[in-house]
Amino acid sequence: MSDSLKIKWPWTMIWIEYADELIAQIKDALPPDHEMRQHEIFPGIKWEKRPIFIVDDDTTGQRILMNFEKMKRWKKTKHRVPTMRVFKDTAEIAAMIEHDHSAECAKYDEDGSLK
């Protein structure tokens, strides 16, 4: 079984030219003592026009959904962090992408206008 993903709208690959900027933005959004600030991360997949990423954590080998639209309190402090979900495998990510694709497509008619 291949570990590659088929990316479908509304998900998209990030432009590599923006990778360093996105990594810095993600890490800067985390509290100073958050463990992921020290990790090697790469936000390779993004929901188009929304601050939601699938991040490869090269330090742990995990893939994490980071949703900056849904923030939560960090360890009973005033800091707020994006909600995070660790994927168990590539199939789980593929299923989520397929679900999101179908849900977004259902909002539009065949001519591209909103229903």
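- The backbone N or O of Asp111 lies less than 3.5 Å from no partner atom in the side chain of Asp109, so there is not a single donor-acceptor pair.
- Around atom CG of Asp20, no more than 12 heavy atoms belonging to other residues, nucleotides or ligands sit under 6.0 Å away.
- Rounding to the nearest 0.5 Å places CG of Asp33 at 10.0 Å from CD of Gln38.
- Residue Arg85 holds its CZ atom at 9.5 Å from NZ of Lys88, rounded to the nearest 0.5 Å.
- The closest donor-acceptor contact from the side chain of Glu98 to the backbone of Ala94 lies at 3.5 Å or more, if one exists at all.
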Just distance, no hydrogens or angles: give the donor-acceptor pairs under 3.5 Å from side chains in residues 46-54, sequence neighbours left out.
| from | atom 1 | to | atom 2 | distance (Å) |
| --- | --- | --- | --- | --- |
| Lys46 | NZ | Arg50 | O | 2.5 |
| Glu48 | OE1 | Trp9 | NE1 | 3.1 |
| Arg50 | NE | Glu69 | OE1 | 3.2 |
| Arg50 | NE | Glu69 | OE2 | 3.1 |
| Arg50 | NH2 | Glu69 | OE1 | 2.5 |

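- Contact of the Pro43 side chain with the Gln25 side chain is not registered, since no non-hydrogen atoms from C-beta on lie closer than 4.5 Å.
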Ile45 and Thr12: side-chain contact (heavy atoms from CB on, under 4.5 Å), yes or no, with the steps? CA-CA 6 Å; Ile45 304 170; Thr12 184; over 6 Å; no
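- Phe87 and Met84 fall into different hydrophobic clusters, where Ile, Leu, Val, Met, Phe, Trp and Tyr residues are linked whenever their side-chain heavy atoms come under 4.5 Å apart, directly or through other members.
- The minimum heavy-atom distance between Ile7 and Met13, with the atom names listed, is CG1-SD, 3.7 Å.
- Side chain of Lys115 to backbone of Ala106: a donor-acceptor contact under 3.5 angstrom is found.
- Using a 4.5 Å heavy-atom threshold, the side chains of Leu65 and Met96 count as touching.
- For the residue pair Thr90 and Ser4, the shortest heavy atom distance occurs at CG2-O, 4.1 Å.
- Counting only distance, with no hydrogens or angles, the side chain of Thr83 and the backbone of Met71 share no donor-acceptor pair below 3.5 Å.
- His39 contributes atom NE2, which lies 14.0 Å from atom CD1 of Ile23 (distance to the nearest 0.5 angstrom).
- The closest side-chain heavy-atom distance from Asn67 to Pro82 is not below 4.5 Å.
- The distance from the CZ atom of Arg80 to the NZ atom of Lys70 is 13.5 Å, given to the nearest 0.5 Å.
- Side-chain heavy atoms closer than 4.5 Å link hydrophobic residues (I, L, V, M, F, W, Y) into clusters, and following such links, even through other members, never connects Leu5 to Ile64.
- Between the side chain of Lys8 and the backbone N or O of His99 there is no donor-acceptor pair closer than 3.5 Å.
- For the pair His34 (side chain) and Met36 (backbone), a donor-acceptor distance under 3.5 Å is present.
- Val86 and Trp11 are members of different hydrophobic clusters when ILVMFWY side chains are connected at heavy-atom separations under 4.5 Å.
- Around the CD atom of Glu40, the shell of radius 6.0 Å holds no more than 12 heavy atoms that belong to other residues, nucleotides or ligands.
- Distance CD/Glu92 to CD1/Ile97: 11.5 Å, rounded to 0.5 Å.
- A donor-acceptor contact shorter than 3.5 Å is absent between the side chain of Asp56 and the backbone of Asp58.
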Where do Arg73 and Val81 land on the side-chain contact (heavy atoms from CB on, under 4.5 Å) test, with the steps shown first? CA-CA 6 Å; Arg73 190 172 307 278; Val81 296; over 6 Å; no
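- In this structure, the separation between CZ on Arg63 and CD1 on Ile93 is 4.5 Å, given to the nearest 0.5 Å.
- The backbone N or O of Leu30 sits less than 3.5 Å from a side-chain atom of Arg37, completing a donor-acceptor pair.
- Closest heavy-atom contact between Phe42 and Ile16: CZ-CD1, 3.7 Å.
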